[in-house]
Q: 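One structure, as structure tokens, below. Some questions next.
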Amino acid sequence: MAANDMIIKIVSKNFDIPDSHKLDVALKNGRYTSIEKLFTMAPEDVTEEVCKSGLRGKGGGGAACGPKWKLMPPVDERPRYLIVNGDESEPGTFKDRQIFQYDPHLLIEGIICSCYAIGAHDAYIYIRGEYKWFIDRLNEAIDEAYAAGIIGDKIMGKHDFRVDITVHRGGGAYICGEKSALIESLEGKRGHPRLKPHGKECEWFYDMPATVNNVETIASVPNIVENGYESYTKYGTEKAPGTMLFAMSGPVKNPGVYELQYGCKMADVINEIGGGMQDGLKLKAVIPGGASCPILTAADVEKAYLDYESMWDIGSTLGTGGMMIIPEGVSMVDVAKNLIEFYHHESCGQCTPCREGTGWIDKILRELIEGVAKEDDIETLLDVCDTMNGKTICVFAPAVKDIIKSIVEKYKHEFLELIENKL
Ligand SMILES: Cc1cc2nc3c(=O)[nH]c(=O)nc-3n(C[C@H](O)[C@H](O)[C@H](O)COP(=O)(O)O)c2cc1C
Ligand code: SF4
């Protein structure tokens, strides 16, 4: 597919406009135009439109957004909240910060639409602590929106609906991106994931109903409200309609963040949009959607399409769409070691399989690299991976198991060589 057919700019439409983050420029370029239509609709009709659009969460899991909003209980006297997840701490994922940098008013507009749909008057945006520059930029936009009467007691100074927005700076822990850990952190506690209920229900912030959505998910809502669900479903696949911001890092000629319709062939994206590998380099592997998605070999990449279902079919996941490109010549043992150091450090430590498992894998890989590994260490490593599956409070541990196991299984010869060379 040609680059022009793959790149569809909905969320990123204004990114290239000079000073697109400033309110006057944003207003001249279509920001806040969805609000008039919003207030002609009933809140449940907004939710219905989002359901029909098939909008899927962009924070990694791909959960359908509209049905999630419907988990909020009927409006009553209790406060209820929208929580926007801008933690973005996964290696290889760097797309939400484009929205903070280039179009923070789109996010504010999305928050107004989403708050109206779920009946919330208070929105919290939780951002990773290291994003100081982006936090400042977002706060400037929020200040502008308050000063212009866009948010506050009356939306756009006239609609009888209050929305207040608070930005919360995280402390820099990856696990605080997991929605229940994020809420714990927002409540002032240690960012530990909570046990999940058996059935589907909304989140609870200070025991009050809450919805957690990713930054890009919320930024996708104004277009759907203003232009209807068909403006979204005309792109992408049947099960994954619309677009997503895909980040590409590593030694391709044009690394960056590109808004693509779902369903593009990964090899076309790397070659046509990424410009292919830098001179003299050959593709070895791709970690497709942020660091916790099972690795794809160069042969897998030829079969990979960028939507959730296609990625499951080839044994990986789409995650956040952050593709990490790895060239020939890079040791996959080093890749695994690099990843596990991160996960070992970031495990919150509540669950034994995760706390101990990440440590064991880190230790075995270190010994392999240092040339002091034992012959059966690879089997032990795979065993440890299996103990991390299905027995933990959150999906951090199973995701670590999936990525590490995929690297060991697909590049086992590189691990074996280290043992054989030493023996
Ligand atoms: C370890 C871990 C880290 C996560 N980090 C993020 C993150 O940084 N940003 C994000 O939006 N979702 C993250 N998620 C997913 C959230 O738990 C949640 O599903 C998401 O924010 C829901 O929004 P969405 O439906 O709009 O994607 C993470 C999940 C896990 C298990
Ligand atoms: S799986 Fe790991 S990160 Fe998740 S709650 Fe358990 S110890 Fe914490």
Side-chain angles (χ1 to χ4, degrees), residues 11 50 55-69 71 82-97 99-100 107 110-111 114 118 124-131 170 172-186 190-196 200 202-203 210-221 240 242 244-245 247 289-293 308 317-322 342-359 361 387-403:
V11 166
V50 171
L55 174 65
R56 293 178 69 166
K58 319 288 185 189
C65 180
K68 183 155 110 176
W69 287 1
L71 296 175
L82 174 70
I83 300 173
V84 184
N85 191 344
D87 191 58
E88 191 154 85
S89 303
E90 178 144 289
T93 303
F94 48 97
K95 45 111 188 157
D96 293 339
R97 70 180 188 185
I99 298 171
F100 297 139
L107 178 60
I111 288 174
S114 308
I118 64 170
Y124 287 85
I125 309 174
Y126 189 103
I127 310 188
R128 68 179 289 184
E130 296 90 336
Y131 273 7
Y174 167 57
I175 196 58
C176 286
E178 195 276 342
K179 59 189 174 187
S180 64
L182 184 154
I183 294 177
E184 287 283 297
S185 168
L186 206 52
R190 184 175 290 191
H192 276 174
R194 295 173 175 169
L195 282 167
K196 305 294 179 292
K200 285 192 171 180
C202 68
E203 306 302 320
T211 294
V212 179
N213 272 125
N214 172 259
V215 167
E216 187 191 343
T217 315
I218 296 297
S220 303
V221 173
M244 184 151 116
L245 294 172
S292 49
C293 300
Y308 303 95
T317 49
L318 190 68
T320 60
F342 171 78
Y343 287 119
H344 183 195
H345 184 256
E346 297 294 335
S347 166
C348 86
Q350 282 191 101
C351 320
T352 309
C354 180
R355 184 186 62 241
E356 302 300 321
T358 51
I361 297 172
T387 64
M388 294 171 71
N389 204 22
K391 305 175 191 74
T392 53
I393 294 171
C394 86
V395 297
F396 177 108
V400 174
K401 167 234 143 199
D402 282 342
I403 173 74

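A quick note: this is a predicted structure, and the numbers were derived from the prediction, not measured. All ligand and atom numbering here is 1-based and tracks the order in the structure. Quick note: residue numbers are just sequence positions, from 1.
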Q: Would the distance check show the side chain of Ser114 and the main-chain N or O of Gly110 forming a donor-acceptor pair, the cut-off being under 3.5 Å?
A: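 At least one qualifying donor-acceptor pair exists.
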Q: May I ask you to say whether Arg194 pairs ionically with Glu184, meaning some side-chain N is under 4.0 Å from a carboxylate O?
A: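 Salt bridge: yes.
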Q: How does Lys58 reach ligand 1, by side chain, by backbone, by both or by neither, if only non-hydrogen atoms under 4.0 Å count?
A: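 It is the backbone that gets close, since no side chain atom is under 4.0 Å.
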Q: Quick one: does Arg355 get within less than 4.0 Å of ligand 2, heavy atoms only?
A: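 Flag not set, Arg355 not near ligand 2.
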Q: Under 2.8 Å from atom 6 (Fe) of ligand 2 - does any N, O or S atom of Cys354 fall there?
A: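 No, Cys354 does not qualify, because none of its backbone or side-chain N, O or S atoms lies under 2.8 Å.
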Q: Tell me which one of Glu216, Glu88, Lys68 gets a heavy atom nearest to atom 22 (C) of ligand 1.
A: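 Shortest heavy-atom distance from atom 22 (C) of ligand 1: Lys68.
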Q: If you measure from atom 10 (C) of ligand 1 to every heavy atom of Asn85, Thr211, Asp87, which option wins on shortest distance?
A: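 Comparing heavy atoms across Asn85, Thr211, Asp87, the nearest one to atom 10 (C) of ligand 1 lies in Asn85.
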Q: Among all protein heavy atoms in this structure, tell me which lies nearest to atom 6 (Fe) of ligand 2, with the distance rounded to 0.1 Å.
A: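 Of every protein heavy atom, Cys351 SG, 2.3 Å lies nearest to atom 6 (Fe) of ligand 2.
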Q: Test of understanding: given a 4.0 Å heavy-atom threshold, classify the contact between Ile175 and ligand 1 as side chain, backbone, both, or neither.
A: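 Answer for Ile175: side chain.
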Q: Select one of side chain, backbone, both or neither to describe which atoms of Pro193 lie under 4.0 Å from any atom of ligand 2, heavy atoms only.
A: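 Just the side chain.
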Q: Salt bridge between Arg355 and Glu346, side-chain N to carboxylate O under 4.0 Å?
A: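 Looking at Glu346 together with Arg355, the answer is no, because their closest N to O distance does not fall below 4.0 Å.
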Q: What is the closest protein heavy atom to atom 3 (C) of ligand 1, and at what distance does it sit?
A: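 Scanning the protein heavy atoms, the shortest distance from atom 3 (C) of ligand 1 goes to Glu178 N, 3.6 Å.
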Q: Numbering the atoms of ligand 2 from 1, which are under 4.0 Å from a heavy atom of Ile393?
A: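 The atoms of ligand 2 under 4.0 Å from a heavy atom of Ile393 are 5 (S).
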Q: Considering only the protein, which heavy-atom contact is closest to atom 26 (O) of ligand 1, and what is its distance?
A: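 It is Thr217 OG1, 2.7 Å.
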Q: List the atom of Pro398, the atom of Gly390, and the distance in Å for their closest heavy-atom pair.
A: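 Closest approach of Pro398 to Gly390, heavy atoms only: CG-N, 4.2 Å.
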Q: Of the backbone atoms (N, CA, C, O) and the side-chain heavy atoms from C-beta on, which set of Ile175 has a member under 4.0 Å from an atom of ligand 2: side chain, backbone, both, or neither?
A: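 Within the 4.0 Å criterion, Ile175 contacts ligand 2 through side-chain atoms alone.
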Q: In terms of side-chain heavy atoms, does Ser292 have a donor or acceptor partner in Glu90 at a distance below 3.5 Å?
A: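 Side chains of Ser292 and Glu90: pair found under 3.5 Å.
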Q: Judged by atom type as modelled, is there a donor-acceptor pair below 3.5 Å linking the side chain of Ser347 to the main-chain atoms of Tyr343?
A: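 Pair absent, no side-chain N/O of Ser347 close to backbone of Tyr343.
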Q: Using heavy-atom distances only, which candidate in Gly177, Cys65, Gly60, Ala173 approaches atom 6 (C) of ligand 1 most closely?
A: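 Minimum heavy-atom distance to atom 6 (C) of ligand 1 goes to Gly177.
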Q: Tell me the protein heavy atom at minimum distance from atom 8 (Fe) of ligand 2, and give that distance in Å.
A: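 Closest protein heavy atom to atom 8 (Fe) of ligand 2: Cys348 SG, 2.4 Å.
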Q: Return the closest protein heavy atom for atom 19 (O) of ligand 1 as residue, atom name and distance.
A: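 Nearest protein contact, heavy atoms only, for atom 19 (O) of ligand 1 is Lys179 CD, 4.2 Å.
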Q: Hydrogens and angles aside, do Ser185 and Tyr126 bring a side-chain donor and acceptor to less than 3.5 Å of each other?
A: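 The criterion, which ignores hydrogens and geometry beyond distance, is satisfied for Tyr126 and Ser185.
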Q: For Ser220 versus Val11, what's the shortest heavy-atom pair and its separation?
A: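 Taking every non-hydrogen atom into account, OG-CG2, 3.6 Å.
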Q: Which atoms of ligand 1 are found less than 4.0 Å from any heavy atom of Gly57?
A: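 Close to Gly57: 24 (P), 25 (O), 26 (O), 27 (O).
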Q: In terms of atom number and element, which parts of ligand 2 are under 4.0 angstrom from non-hydrogen atoms of Ser347?
A: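 Under 4.0 Å from Ser347, ligand 2 has these atoms: 2 (Fe), 7 (S).
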Q: Among Asn214, Val212, Asp96, Ile83, which one puts a heavy atom closest to atom 11 (O) of ligand 1?
A: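 Of the listed residues, Asn214 has the closest heavy atom.
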Q: For atom 4 (Fe) of ligand 2, decide whether Cys394 has an N, O or S atom at a distance under 2.8 Å.
A: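 Short answer: yes, at least one N, O or S atom is under the cut-off.
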Q: Charged N to carboxylate O under 4.0 angstrom, Glu216 versus Lys95?
A: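 Looking at Glu216 and Lys95, the cut-off is met.
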Q: Mind listing the closest non-hydrogen atom pair of Cys176 and Gly191 along with its distance?
A: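 Of all heavy-atom pairs spanning Cys176 and Gly191, the closest is SG-CA, 3.9 Å.
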Q: Strictly under 2.8 Å, is atom 8 (Fe) of ligand 2 approached by any N, O or S atom of His192?
A: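 Coordinating: no.
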Q: Could you list which atoms of ligand 1 come closer than 4.0 Å to a heavy atom of Gly59?
A: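 The atoms of ligand 1 under 4.0 Å from a heavy atom of Gly59 are 10 (C), 11 (O), 12 (N), 13 (C), 14 (N), 15 (C), 27 (O).
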Q: Among side-chain atoms of Asp96 and Asn214, is any donor-acceptor pair under 3.5 angstrom?
A: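 The criterion, which ignores hydrogens and geometry beyond distance, is satisfied for Asn214 and Asp96.
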Q: Can you measure from NZ (Lys58) to SG (Cys65) and round to the nearest 0.5 angstrom?
A: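 If we round to the nearest 0.5 Å, Lys58:NZ and Cys65:SG are 9.0 Å apart.
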Q: Under 4.0 Å from any heavy atom of Gln350, which atoms of ligand 2 are there?
A: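 Per the distance check, 5 (S), 7 (S).
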Q: Report the part of Val395 in contact with ligand 1, treating N, CA, C, O as backbone and CB onward as side chain, heavy atoms under 4.0 Å; options are side chain, backbone, both, neither.
A: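 Only the side chain of Val395 comes within reach of ligand 1.
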Q: Pull out every atom of ligand 2 sitting under 4.0 Å from any heavy atom of Phe396, numbered as shown with elements.
A: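 So the atoms of ligand 2 that pass are 2 (Fe), 3 (S), 4 (Fe).
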Q: Minimum heavy-atom separation for Phe100 and Gly86, please, with both atom names.
A: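 Answer, listing the atom of Phe100 first, then Gly86: CZ-CA, 4.2 Å.
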Q: I need the Lys179 NZ to Glu203 CD distance, nearest 0.5 Å.
A: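 Going from NZ on Lys179 over to CD on Glu203, the span is 4.5 Å.
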